[in-house]
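Report on the structure given below.
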Protein chains: 2
Amino acid sequence: MTTTTLVPVFAALGDETRWSILVALGEGDASASALAGRFPVTRQAIAKHLAVLEEVGLVESVRVGRELRYRVLGAQLSETAQRLDRIGAEWDRRLAAIKRIAEGL
Amino acid sequence: MTTTTLVPVFAALGDETRWSILVALGEGDASASALAGRFPVTRQAIAKHLAVLEEVGLVESVRVGRELRYRVLGAQLSETAQRLDRIGAEWDRRLAAIKRIAEGL
DNA sequence: GAATAGTGCAACTATGTGGTTGCAGTATTC
DNA sequence: GAATACTGCAACCACATAGTTGCACTATTC
């Protein structure tokens, strides 16, 4: 049970390049160097993004020989999604209640 | 059906102050000035945050007399959550398949 | 063991943005 | 209609960060 706070996860997801990297990893594990071949940024830039993503638990890394291979963690994304959904539903529920009261019912 | 792209929504959610504002609005509609009373930042800072949130469809504004009152849109949050969940599930599914193949099954 | 392919670290740049102050504009209320 | 609350706009500051280059380090491969 990764009890990461939500906001940093969103901050990590809120960058186009980082999102592209996640999508690329969704098609299969890859190293920073391999990813650098597919994007118009340097390997180091990608390495920084991967560090951010790993920090918030969206990816994990595994050493394979002389390369560091990254794997996307869909479960963390799903957990974040569920938390989001609960919050959104709660807001709608509460505001609907306020509206009912305001209408004098 | 708000077909906003995901990344800007995450970027909007990825700021502590903005998240706090959303949470506050979750307890009931409020204007920028009213919110400014509850947070350690100026009204203008809050107004900027509200503009960002409105831009990505997380809140909407309604003129009430001489004040602009903001309302949180839980539905947009829930929709974002569902999109996230689907993506996360898809990644896990695909990577599990790759793993199965790698294991020669 | 020499060449190679990959990662790690540091310094630096530039742009974005969260925050501020100050003032003008616009509805209310008395 | 004058005082009062709000909002709206603009300029500005400071810090975070996405990106770069350059080089050292480490593990393969031949």
Checklist line | B:Glu60 and B:Val72: CA distance, side-chain angles, deciding distance, side chain to side chain contact (heavy atoms under 4.5 Å, CB included) verdict | finding: CA-CA 7 Å; B:Glu60 67 178 4; B:Val72 83; over 6 Å; no
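- No donor-acceptor contact under 3.5 Å links the side chain of A:Arg69 to the base of C:dG6.
- Atom OG in B:Ser33 sits 11.5 Å away from atom CZ in B:Arg69 (nearest 0.5 Å).
- Note that CZ of A:Arg18 is 12.5 Å distant from CD1 of A:Ile46, once rounded to the nearest 0.5 Å.
- Within the structure, every side-chain polar atom (N or O) of B:His49 is placed at least 4.0 Å from both OP1 and OP2 of C:dT17.
- Distance A:Asp29 CG to C:dG6 P: 16 Å, rounded to the nearest Å.
- Within the structure, a side-chain polar atom (N or O) of B:Arg18 is placed less than 4.0 Å from OP1 or OP2 of C:dG18.
- Ring pair A:Phe10/B:Phe10 is parallel by interplanar angle, where below 30° counts as parallel and above 60° as perpendicular.
- The nearest whole Å value for the distance from the CD atom in B:Glu67 to the P atom in D:dG8 is 12 Å.
- The nearest heavy atom of DNA chain D to A:Gly65 and to B:Leu68 marks one nucleotide each, and the one closer to the 5' end goes with B:Leu68.
- Distance alone, capped at 3.5 Å, is enough to place a donor-acceptor pair between the B:Asp92 side chain and the A:Ala75 backbone.
- Among the nucleotides C:dG6, D:dA5, D:dT20, the one closest to the side chain of A:Arg66 is C:dG6.
- Note on B:Thr17: a side-chain N or O is less than 4.0 Å away from OP1 or OP2 of C:dG19.
- Closest to the side chain of A:Ala45, from the set D:dG19, D:dT7, C:dG8, is D:dG19.
- Across the protein-nucleic acid pair, B:Glu55 atom CD and C:dG18 atom P stand 13 Å apart, rounded to whole Å.
- Salt-bridge check for A:Arg86 with A:Glu90: failed, with every basic side-chain N at 4.0 Å or more from each acidic carboxylate O.
- Atom P of nucleotide D:dA18 and atom CH2 of A:Trp19 are separated by 16 Å, given to the nearest angstrom.
- Contact of A:Arg43 with D:dG19 (side chain to base): no donor-acceptor pair of N or O atoms is detected under 3.5 Å.
- Set against D:dT20, C:dG8, C:dT20, the side chain of B:Thr42 has C:dT20 as its closest nucleotide.
- When rounded to the nearest whole Å, the span between NZ of A:Lys48 and P of C:dC9 equals 13 Å.
- Counting any heavy atom pair closer than 4.0 Å across all strands shown, A:Ala32 reaches sugar-phosphate atoms only and no base atom.
- Along DNA chain D, the nucleotide nearest to A:Ala11 and the one nearest to A:Arg63 differ in position, and the one closer to the 5' end is contacted by A:Ala11.
- Remark: C1' of D:dA18 and CG of A:Asp15 are 7 Å apart, rounded to the nearest angstrom.
- Between the C1' atom of D:dT20 and the CZ atom of A:Phe39 lies a distance of 18 Å, rounded to the nearest Å.
- Between the side chain of B:Gln44 and the base of C:dG18, no donor-acceptor pair under 3.5 Å is found.
- Here the P atom of nucleotide D:dC6 and the CG atom of B:Leu50 are 15 Å apart, to the nearest Å.
- Distance from the side chain of B:Ser33 is smallest for D:dT7 among the nucleotides C:dT20, C:dG8, D:dT7.
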